[in-house]
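Structure record follows, encoded as structure tokens.
Count residues from 1 along the sequence. None of the values given here were measured: they were computed from a predicted structure.
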Amino acid sequence: MMRAHYQAIFIQVNKLISYDRTQFTAYIRAMTMAMATANVRPLTTSFTPTLWADTFTTFSFDHQLQEKYGEDIEAMKKEARVILMAATSAKLIALVDKLERLGLAFHFEEEIQHKLQQVYDAQEQDHDLFTTALRFRLLRQHQYHVSCRVFDKFVEGDNKFKECVGSDVEGLLSLYEAAQVRIHEENVLEEAAAFTVHRLNRILPELENSSIIKEKVQLALNQSIHRSVVILTVRFYISLYEGDGSTEEVLMKLAKLNFNYLQNMYKKEISQLTRWWKEFDLKSKLPYARDRVVESYFMGMSFRFEPQYSCVRRDVAKSVLLVTIVDDTYDNYATLEEAQLFTDIVQRWDLKEIDVLPDCMKIVYRFIMSIFEEYKVEAATHEKPFAVPYFKEAVKQLCRAYNEELKWVMERQMPSFEEFMRNSVIRTSVYVMYTVFAPTMKSVTQQTLQWLLSEPKILISICTLGRHLQDLASHERESKEGKVLTVVDCYMKDKNATKEEALSKFGEFIENGWKVANEEWVKKDNVVPKIFVETLVNLGRTVEVLYNNDQDGFTCPEELLAPQLTPLYVDPPLL
């Protein structure tokens, strides 16, 4: 394959040699670079083994216990529904937020929508800062386009907040969370974002250690509600609300039962996924690749954590494992010649050609084809054969994107930053992850997949901010101690910027991405199901958790991700 590439270069050289010395020189350089790097392996990163060992392979699912949880949940839901329907005004707003923080909102989806419609239709009341900000955030998160003018009463000239606001910790915290759902041209919320972060950080050391409010501030500053994965903090909020005594007993009991039910279900799903993964034995066959089953499952769970989306969690997890293996094959193993060969064979999608691949790539190719065969069965079972070509093309496209980036890196010929980012949107694997669950999510149609491929603004903004979060977290590792070019280097070269300026700009890109996503979310696009668009927002939340504080929680989960997953997947159930 590479030989044909060289032949093409020589043909062009023969055409140019007689009349264009400049282009002739350029072709010679290109040919020399290609020949010099074609058989060079990338610098290898040694990844840590999985943290979870056999934690889930020996798990035994207790069907009777799960049935008992389910029966008790249904009984308590009736009492909780009465409380919700009776609530009004500020108490209603606080209750809806509490149900969401406790992971219970999906049980009362229709009732919450009905009550929030009432809140939206009612004339804005003279609420305090806490309730005003909470109302604003909840309505925005539920696709209501409320005006930021509701904060005018708390500001003076130039959108500066009144001095009295700075001493109201609960109000500041609520305003901080409201600022996370801002869109472009909302200057008062831009000011709120900066103002609240500054004030809360200044107040934090003065708060009593181990106090509930200090724990809430610390959690919020580390990860805002809007940009977090709700199920990860449920156990924290159960403990918090139990500690402050502000929540009805029936809601606390329901929250604990619901958590235990979900935890039991997640353990079962992880154990099934782990056994499936072990059958391929890729851990020993592909030592250069990351072994991240539980972390991949986390991504599926972040898309949809509710009980009815078990297949979505499974399918997304499998797609993430596929993507991880392919990614590491390009980035951590393949020479340029091998990568081009693998890419070409994937494009033809013919298992009969597998013999020309190196042994490691044969294993990778069989793994891809195995998942594809499973996918075809799912598509046929759910009468969605239209989805099959979309998934196949998404995998082909992903390999092309990986191959292109590998060429840029190995040949040290970085493109423009804009070209690099266009390729990076594909490299985020969004099309693979979102076509993979098309057969099992009832609401997904062919029109949904066509919309996805049309590159809607919310998709591009989420992919872009996700890529920049990953760039900030993985730049040092991916640069292999400065020996390999990364997107940060690309930006620095293209924009003539320092490293500090590049990293700062990436932070701006992330904030801009969230503003676009928030704006697109409240538009209520009726072309595709709300639940599908919501999974895109959830992807943004997932990468915020995975790459929080410039750490790569997927590749190195020990410090960042594992402490968040352990209470959910490993710790004993709640009493």
Side-chain angles (χ1 to χ4, degrees), residues 65-120 127-128 130-131 133-135 137-139 141-142 170 173-174 177-178 211-217 219-220 223-226 228-266 301 304-309 564 567-568 571-575:
L65 178 62
Q66 193 74 338
E67 288 179 10
K68 182 67 167 62
Y69 284 150
E71 291 169 0
D72 292 345
I73 287 170
E74 288 303 314
M76 288 190 176
K77 277 169 58 176
K78 296 176 182 178
E79 296 180 58
R81 187 174 288 109
V82 171
I83 295 172
L84 173 60
M85 298 310 291
T88 58
S89 193
K91 288 185 177 180
L92 169 63
I93 297 169
L95 178 57
V96 170
D97 181 57
K98 190 167 289 187
L99 290 173
E100 293 188 347
R101 302 284 65 74
L102 292 172
L104 296 173
F106 71 91
H107 289 296
F108 310 102
E109 193 170 339
E110 291 184 8
E111 292 87 350
I112 288 174
Q113 200 60 41
H114 172 71
K115 298 295 280 188
L116 286 180
Q117 185 65 51
Q118 291 181 351
V119 171
Y120 179 72
H127 293 306
D128 59 10
F130 172 84
T131 304
L134 178 55
R135 175 184 181 274
R137 174 173 63 80
L138 285 176
L139 289 175
Q141 288 179 313
H142 284 265
E170 290 283 6
L173 197 53
S174 187
E177 297 288 5
S211 65
I212 289 173
I213 186 61
K214 185 164 190 171
E215 290 183 31
K216 288 168 68 175
V217 171
L219 179 66
Q223 194 101 63
S224 69
I225 288 172
H226 183 58
S228 64
V229 175
V230 61
I231 191 64
L232 288 182
T233 55
V234 165
R235 196 160 192 156
F236 169 85
Y237 280 105
I238 288 175
S239 175
L240 186 147
Y241 292 141
E242 198 168 39
D244 69 15
S246 65
T247 307
E248 290 86 345
E249 186 177 357
V250 65
L251 293 182
M252 294 308 305
K253 288 182 178 179
L254 178 58
K256 290 180 180 180
L257 283 169
N258 185 66
F259 179 88
N260 292 345
Y261 182 93
L262 292 173
Q263 183 186 57
N264 205 32
M265 179 181 62
Y266 296 154
M301 183 202 66
R304 299 302 328 177
F305 76 89
E306 303 90 340
Q308 65 269 35
Y309 296 109
Q564 298 181 75
L568 183 59
D571 288 352
L574 295 167
L575 300 176

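- Using a 4.0 Å cut-off between a side-chain N of Lys or Arg and a carboxylate O of Asp or Glu, Glu74 and Lys77 qualify as a salt bridge.
- You'll find the side chain of Arg81 stays beyond 4.5 Å of the side chain of His107, heavy atoms only.
- Of all the heavy atoms in Val217 and Leu173, the pair that sits closest is CA-CD1, 4.1 Å.
- Put simply, the side chain of Asn258 reaches to within 4.5 Å of the side chain of Phe106, judged on heavy atoms.
- Taking the side chain as every heavy atom from C-beta outward, Arg101 and Ile225 approach each other to under 4.5 Å.
- Side-chain N/O atoms of Lys115 and Thr88 include no donor and acceptor closer than 3.5 Å.
- Counting only distance, with no hydrogens or angles, the side chain of Ser228 and the backbone of Gln223 share no donor-acceptor pair below 3.5 Å.
- Between Tyr266 and Phe305, the gap from one ring centroid to the other reaches at least 6.0 Å.
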**OP:** Could you give me the CA-CA distance, side-chain angles and deciding distance for Leu84 and Leu92, then say whether side chain to side chain contact (heavy atoms under 4.5 Å, CB included) is met?
**Re:** CA-CA 7 Å; Leu84 173 60; Leu92 169 63; 4.0 Å; yes

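- Under the 3.5 Å distance criterion, with hydrogens and angles disregarded, a donor-acceptor pair is assigned to the side chains of His114 and Gln118.
- A donor-acceptor contact under 3.5 angstrom links the side chains of His142 and Glu100, judged on distance only.
- Residue Glu306 holds its CD atom at 9.0 Å from CD1 of Ile231, rounded to the nearest 0.5 Å.
- Annotation: side chain of Pro307 is in contact with side chain of Leu262 (closest heavy-atom distance under 4.5 Å).
- For the residue pair Ala255 and Leu104, the shortest heavy atom distance occurs at CA-CD2, 3.9 Å.
- Each of Glu248, Met252, Lys253 was compared with Val250 under the side-chain contact (heavy atoms from CB on, under 4.5 Å) criterion, and only Glu248 meets it.
- Environment of CD in Glu110: sparse, with no more than 12 heavy atoms of neighbouring residues, nucleotides or ligands closer than 6.0 Å.
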Subject >> Candidate pair Val119 and Arg135, rule side chain to side chain contact (heavy atoms under 4.5 Å, CB included), full reasoning >> reply: CA-CA 8 Å; Val119 171; Arg135 175 184 181 274; 3.6 Å; yes

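- With a 4.5 Å cut-off on side-chain heavy atoms, Met301 and Leu568 count as touching.
- Taking each heavy atom of Ala133 and Ala178 in turn, the nearest pair found is O-CB, 3.6 Å.
- Between Arg137 and Asp97 there is a salt bridge, with a side-chain nitrogen of the basic residue lying less than 4.0 Å from a carboxylate oxygen of the acidic one.
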Subject >> Criterion side chain to side chain contact (heavy atoms under 4.5 Å, CB included) on Glu177 and His226, from CA distance to verdict >> reply: CA-CA 7 Å; Glu177 297 288 5; His226 183 58; 5.5 Å; no

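- Between Leu99 and Leu251, the closest side-chain pair of non-hydrogen atoms falls below 4.5 Å.
- Between Glu170 and Phe130, the shortest heavy-atom contact is O-CD1, 3.5 Å.
- You'll find the side chain of Leu574 reaches within 4.5 Å of the side chain of Arg235, heavy atoms only.
- At a threshold of 4.5 Å between non-hydrogen side-chain atoms, the residues Ser89 and His127 count as touching.
- A side-chain donor-acceptor contact under 3.5 Å links Lys256 to the backbone of Leu575.
- Few gaps surround NZ on Lys214; more than 12 heavy atoms of other groups in view lie less than 6.0 Å from it.
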